[in-house]
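These notes concern the structure reproduced below.
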Amino acid sequence: MRRRDLVAGIGSLGMLAGAGSIVRYGPPSVGDGEADGETEDDGDEDEEWPIEVETIEARGSEAGTLTVPSEDVMVLMFFVNGCGNCQVQAGRLADARAELEADHGDDVRFLSLTYDSEDQFPPEELREWWETHGGNGYVSYDASRPMQEYAAVGYPVTIVIDPDGEEHWRETGTTDGSEIASAVENVLEATADENDEESNGNESSDGDAANESDGTDDEAETAEDDPEGSD
């Protein structure tokens with residue numbers, strides 16, 4: 001189950017830079033709607049998950065689409081171009097990516113999403129900003145839906161999520177690249193453990209099924225070998 005956040009009394013993002021959020025595990029139920037015989041339609045929401053965002057061409061980023069979550073562990077950063085801490089954090093993410101590259105390069109995605117629109121911050125300016133401040137990873141303008149999903153209040157906000165979209169780590173403000181890398185490695189380890197447990201469980205189920213099948217075959221062979229016994 002993916003993790004979301006509820007945020008009470010959210011004002012403008014600029015006013016709430018650095019503010020925290022309250023973690024929740026699902027949308028609240030609406031009692032009045034159920035009393036009237038109305039039920040919440042989750043179909044649209046399911047169709048919009050995972051979230052698809054458009055990425056631009058920049059250092060470490062290709063023009064195309066990317067899903068949140070993806071099949072890999074993801075590091076998300078929400079930023080604006082006029083934020084000094086965001087400029088610093090872009091380089092810190094690149095440091096974390098470089099630290100993880102050798103051992104986990106194919107298992108981790110870095111995606112940075114700007115609150116700025118293309119009109120406010122054209123792609124050529126974003127690319128220049130990205131390179132100037134040491135950015136290296138996917139970049140997108142489509143911050144709105146992921147921001148709402150994870151209640152990314154303030155900037156920069158850095159979040160680590162697993163392939164199911166569940167949030168495991170968050171920091172508002174600047175963070176050392178080594179700390180980000182450590183958070184990612186913890187999620188990778190937890191994900192690997194879960195996969196091992198599932199694999200062992202499947203092997204156990206297959207083994208039980210095979211044993212049951214062998215027992216049936218043995219009984220059939222006994223009956224054939226001893227036809228008098230069947231009488």
Side-chain angles (χ1 to χ4, degrees), residues 1-7 19-28 42 45-46 48-53 55 60-61 65-79 89-113 135-140 143 145-208:
M1 179 184 296
R2 65 180 181 270
R3 179 177 298 176
R4 299 181 178 171
D5 304 321
L6 275 179
V7 178
S21 60
I22 303 172
V23 174
R24 67 179 173 87
Y25 292 89
D42 292 333
E45 181 181 336
D46 291 340
E48 295 172 359
W49 187 264
I51 306 162
E52 187 173 275
V53 302
T55 55
S61 178
T65 61
L66 199 64
T67 60
V68 180
S70 73
E71 296 178 352
D72 307 311
V73 173
M74 293 192 82
V75 182
L76 307 175
M77 182 184 77
F78 298 87
F79 72 99
Q89 191 70 351
R92 300 282 176 84
L93 254 67
D95 292 342
R97 185 183 181 194
E99 186 173 335
L100 295 164
E101 187 88 35
D103 295 329
H104 309 290
D106 295 333
D107 300 322
V108 186
R109 296 260 173 147
F110 284 79
L111 172 64
S112 297
L113 306 109
N136 193 349
Y138 286 97
V139 184
S140 174
R145 173 76 195 284
M147 175 196 72
Q148 295 172 11
E149 188 70 31
Y150 293 101
V153 183
Y155 43 80
V157 178
T158 307
I159 301 171
V160 179
I161 63 174
D162 66 21
D164 291 327
E166 183 175 355
E167 177 186 333
H168 289 260
W169 182 88
R170 168 188 298 240
E171 187 69 33
T172 302
T174 58
T175 315
D176 287 341
S178 58
E179 186 174 348
I180 299 170
S182 178
V184 170
E185 287 177 335
N186 289 338
V187 180
L188 287 167
E189 182 177 350
T191 301
D193 290 343
E194 290 178 2
N195 291 338
D196 288 343
E197 290 177 3
E198 290 179 1
S199 177
N200 291 335
N202 291 336
E203 289 177 0
S204 177
S205 298
D206 292 342
D208 292 341

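Just so you know, these numbers come straight off a predicted model, no measurement behind them.
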Scanning both residues in full, the closest heavy-atom pair of Leu100 with Phe110 reads CD1-CZ, 4.0 Å
How long is the gap from CD on Gln89 to CG on Asp176, to the nearest 0.5 Å?
9.0 Å
Chi angles and distances behind the side chain to side chain contact (heavy atoms under 4.5 Å, CB included) call for Ile161, Tyr150
CA-CA 10 Å; Ile161 63 174; Tyr150 293 101; 3.7 Å; yes
Looking at CZ of Arg170 and OG1 of Thr175, how far apart are the two atoms once the value is rounded to the nearest 0.5 Å?
12.0 Å
How far apart are the C-alpha atoms of Asp72 and Val108, what are their side-chain angles, what is the distance that settles it, and do they pass the side chain to side chain contact (heavy atoms under 4.5 Å, CB included) test?
CA-CA 5 Å; Asp72 307 311; Val108 186; 5.8 Å; no
Would Met147 and Leu113 satisfy side chain to side chain contact (heavy atoms under 4.5 Å, CB included), going step by step from the backbone distance to the final call?
CA-CA 9 Å; Met147 175 196 72; Leu113 306 109; over 6 Å; no
I need the minimum non-hydrogen distance between Ser70 and Arg109, along with the two atoms involved.
OG-CG, 3.9 Å
Measure the CG-OH distance between Leu76 and Tyr138 for me, rounded to the nearest 0.5 Å.
14.0 Å
Non-neighbouring partners of Asp162 that pass side-chain contact (heavy atoms from CB on, under 4.5 Å), sequence neighbours left out
Asp164, Glu166, His168, Val187, Thr191
To the nearest 0.5 Å, how far apart are CD in Glu189 and NE2 in His104?
9.5 Å
Which residues share a ring-ring contact (aromatic ring centres under 6.0 Å, His included) with Phe78, sequence neighbours left out:
none
Please round to the nearest 0.5 Å and tell me the distance separating atom CG of Leu111 and atom OG1 of Thr55.
8.0 Å
Could you measure the distance from the CD atom of Glu101 to the CG atom of Asn136? Nearest 0.5 Å is fine.
8.0 Å
On a heavy-atom basis, which atom in Pro50 and which in Pro69 lie closest, and how many Å separate them?
CB-O, 3.6 Å
Side chain to side chain contact (heavy atoms under 4.5 Å, CB included) assessment of Ile180 paired with Trp169:
CA-CA 9 Å; Ile180 299 170; Trp169 182 88; 4.0 Å; yes
Any donor-acceptor N/O pair, Arg145 side chain to Glu48 backbone, under 3.5 Å:
yes
Report yes if some heavy atom in the side chain of Arg92 is under 4.5 Å from a heavy atom in the side chain of Thr158; otherwise report no.
no
What heavy-atom pair brings Ala96 and Gly177 nearest, and what distance separates the two atoms?
CB-O, 3.3 Å
Taking Thr65 for its side chain and Glu52 for its backbone only, find out whether a donor-acceptor pair lies under 3.5 Å.
no
For the student: nearest non-hydrogen atoms of Glu99 and Ser178, plus distance:
OE1-CA, 3.5 Å
Taking the side chain as every heavy atom from C-beta outward, state whether Val160 and Val73 have any pair of such atoms under 4.5 Å apart.
yes
Gly60 and Arg97 have their tightest heavy-atom pair at CA-NH1, 3.7 Å
